[in-house]
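Before any comments, here is the structure.
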Amino acid sequence: MKLIEMNQEEGRTLKDRNLTALLPLGAVEVHANHLPIGTDLYLAQALTDKLEEKLGKENTLLLPALPYGQVWSLREAPGTINISNDVLSGMIVQIGKSLEKAGIKRMAIVNTHVGNGDAMKMAARMLYDTCDIKVFLFTYPGAEEVIPNVCESPMPHKGYFHACEIETSYMLYLCPEWVDQSKAICQYPDFPENFDYTPTPWTDFMDTAVLGDAVSATREKGEAIIEHVVNRMCEILEKEAIT
């Protein structure tokens, strides 16, 4: 069920339903020319919808998506909207505390933007210390088990990829109407020598926001990875019953 579609009387019954709240978390960030600036948000919403369907709508409370994220690496690119870790973690904490007041005991954050990781962890730890709601943090869990088996192109960096074969395949499966594959490119930029050791904006070494080979993306690759991710999230949540 969707929280924003409930009325006040239905809101009073949330405490009696043993629901898992699902929070889609995205970002507003440039993704080259074949994908929209809202890519991470569209992916977060679509992935959360799949998780809700798998868990059962009677067992879940679907929250409105948080569209904004921490996008320091591409903050200088026109169209990107960047918020700080403190702002993002603060919002997540307040959402968690509000859910606790309504009687919700468990929240799963379905995140599709790697840059949100620090803020998510900060918020989850604060909620752990201050209130009685259990928080799960999901950023494509299990994807790393499938990607080497289905993707053909090499990773551009040991820790980063963007708008590439992987992410474009996700979009071709979950949100194909937003993909213009005719504009996809293959780009392996030269990372600065000290990239791994000092903060370096991505706009310093590439004009188009692609890290990897978007041309090799297919719907089938996206489906293989995403379905595994959804199953993994379900397994994690179902192993720990709500008490």
So D213 and Y188, do their side chains get closer than 4.5 Å, heavy atoms only?
yes
Nearest-0.5 Å distance that lies between atom OG1 in T20 and atom CG in L237:
6.0 Å
Tell me whether Q8 at atom CD has more than 12 heavy atoms from other residues, nucleotides or ligands lying less than 6.0 Å away.
no
Quick check: is I185 connected to V179 through a chain of hydrophobic side chains (ILVMFWY, heavy atoms under 4.5 Å apart)?
no
Of all heavy-atom pairs linking G69 and L88, the shortest is CA-CD2, 4.3 Å
For E10, check salt bridge (charged side-chain N to carboxylate O under 4.0 Å, His left out) against everything at least two apart and list the hits.
none
How would you list, by chain and number, every residue that makes a side chain to side chain contact (heavy atoms under 4.5 Å, CB included) with M91, sequence neighbours excluded?
L66, V87
With side chains defined as the heavy atoms from C-beta onward, is the minimum distance between Q181 and T168 less than 4.5 Å?
yes
Between I95 and I104, is there a shared hydrophobic cluster once you connect ILVMFWY residues whose side-chain heavy atoms come closer than 4.5 Å?
yes
Look up atom SG in C131 and atom NZ in K101, then write down how far apart they are to the nearest 0.5 Å.
10.5 Å
Applying side-chain hydrogen bond (donor to acceptor under 3.5 Å, both in side chains), can you list everything that pairs with R219, at least two apart in sequence or on another chain?
E223
I'd like to know if V71 and I81 are part of one continuous hydrophobic network [Ile/Leu/Val/Met/Phe/Trp/Tyr, side-chain heavy atoms within less than 4.5 Å].
yes
Do you know the tightest heavy-atom contact between S169 and K221?
OG-CB, 3.7 Å
What are the two closest heavy atoms between P176 and L172, and how far apart are they?
CB-O, 3.4 Å
Ignoring hydrogens, what is the shortest heavy-atom contact between A46 and C175? Give both atom names and the distance.
CB-SG, 4.0 Å
Would N33 and D180 satisfy side-chain contact (heavy atoms from CB on, under 4.5 Å), going step by step from the backbone distance to the final call?
CA-CA 8 Å; N33 298 313; D180 185 352; over 6 Å; no
What pair of heavy atoms forms the shortest contact from A224 to V150, and how long is it?
CB-CG1, 4.0 Å
From K54 NZ over to N59 CG, what is the distance, rounded to the nearest 0.5 angstrom?
13.5 Å
If you look only at distance, which donor and acceptor atoms sit under 3.5 Å apart when one is on a side chain in residues 193-210 and the other is two or more places apart or in another chain?
residue: D196; atom: OD1; partner: H157; partner atom: NE2; Å: 2.6
residue: T200; atom: OG1; partner: T198; partner atom: O; Å: 3.0

Has F191 got more than 12 heavy atoms of other residues, nucleotides or ligands less than 6.0 Å from its CZ?
yes
Of the options K121, R125, M107, M120, which is the one that meets V135 in a side chain to side chain contact (heavy atoms under 4.5 Å, CB included)?
M107
Run the numbers on L47 and I226 for side-chain contact (heavy atoms from CB on, under 4.5 Å), then give the verdict.
CA-CA 8 Å; L47 187 58; I226 291 298; 3.9 Å; yes
When rounded to the nearest 0.5 angstrom, what is the spacing between CG in L19 and CG in L55?
11.0 Å
Output all residues satisfying ring pair (Phe, Tyr, Trp, His ring centres under 6.0 Å) with F138, sequence neighbours left out; order by chain, then residue number.
none
Is there a side chain to side chain donor-acceptor pair (under 3.5 Å) between S216 and E152? Walk through the geometry before answering.
CA-CA 7 Å; S216 298; E152 304 166 89; 4.9 Å; no
How close do A217 and C164 get, heavy atom to heavy atom, and via which atoms?
CB-O, 4.4 Å
Look at the side-chain heavy atoms of Ile, Leu, Val, Met, Phe, Trp and Tyr, link any pair under 4.5 Å apart, and say whether L35 and V114 land in one connected group.
no
When you compare the side chain of D49 with that of L62, does any pair of heavy atoms fall below 4.5 Å?
yes
E227: what forms a salt bridge (charged side-chain N to carboxylate O under 4.0 Å, His left out) with it, not counting sequence neighbours?
K50
Please test K97 against T130 for side-chain contact (heavy atoms from CB on, under 4.5 Å), starting from the C-alpha separation and ending with a verdict.
CA-CA 9 Å; K97 289 184 174 181; T130 60; 3.6 Å; yes
For I147, give me all partners under side chain to side chain contact (heavy atoms under 4.5 Å, CB included), at least two apart in sequence or on another chain.
A143, C151, I166, Y170, I225
Could you give the side-chain donor-acceptor pairs of residues 21-31 under 3.5 Å, partners two or more places apart or in another chain?
residue: E29; atom: OE1; partner: H113; partner atom: ND1; Å: 3.4
residue: H31; atom: ND1; partner: E29; partner atom: O; Å: 2.8
residue: H31; atom: NE2; partner: E167; partner atom: OE2; Å: 3.3

Who passes ring pair (Phe, Tyr, Trp, His ring centres under 6.0 Å) against W178, sequence neighbours left out?
Y42
Pick out which of D132, V93, L99 makes a side chain to side chain contact (heavy atoms under 4.5 Å, CB included) with L127.
V93
If you count every heavy atom of other residues, nucleotides or ligands that lies below 6.0 Å from E53 atom CD, does the total exceed 12?
no
Any side-chain heavy atom of K134 sitting closer than 4.5 Å to one from K105?
no
Could you tell me which residues satisfy side chain to side chain contact (heavy atoms under 4.5 Å, CB included) with E145, sequence neighbours excluded, listed by chain and number?
H228, R232
At what distance, to the nearest 0.5 angstrom, does CG of L61 lie from CG of L3?
5.0 Å
Taken to the nearest 0.5 Å, the spacing of N231 CG from M233 CE works out to 9.0 Å
Kindly state each residue pair satisfying side chain to side chain donor-acceptor pair (under 3.5 Å) with at least one member in residues 60-86, sequence neighbours excluded.
none
Which residues satisfy the salt bridge (charged side-chain N to carboxylate O under 4.0 Å, His left out) test with R12, sequence neighbours excluded?
E9
Honestly curious: do M122 and V110 fall in one hydrophobic cluster under the side-chain, below-4.5 Å linking rule?
no
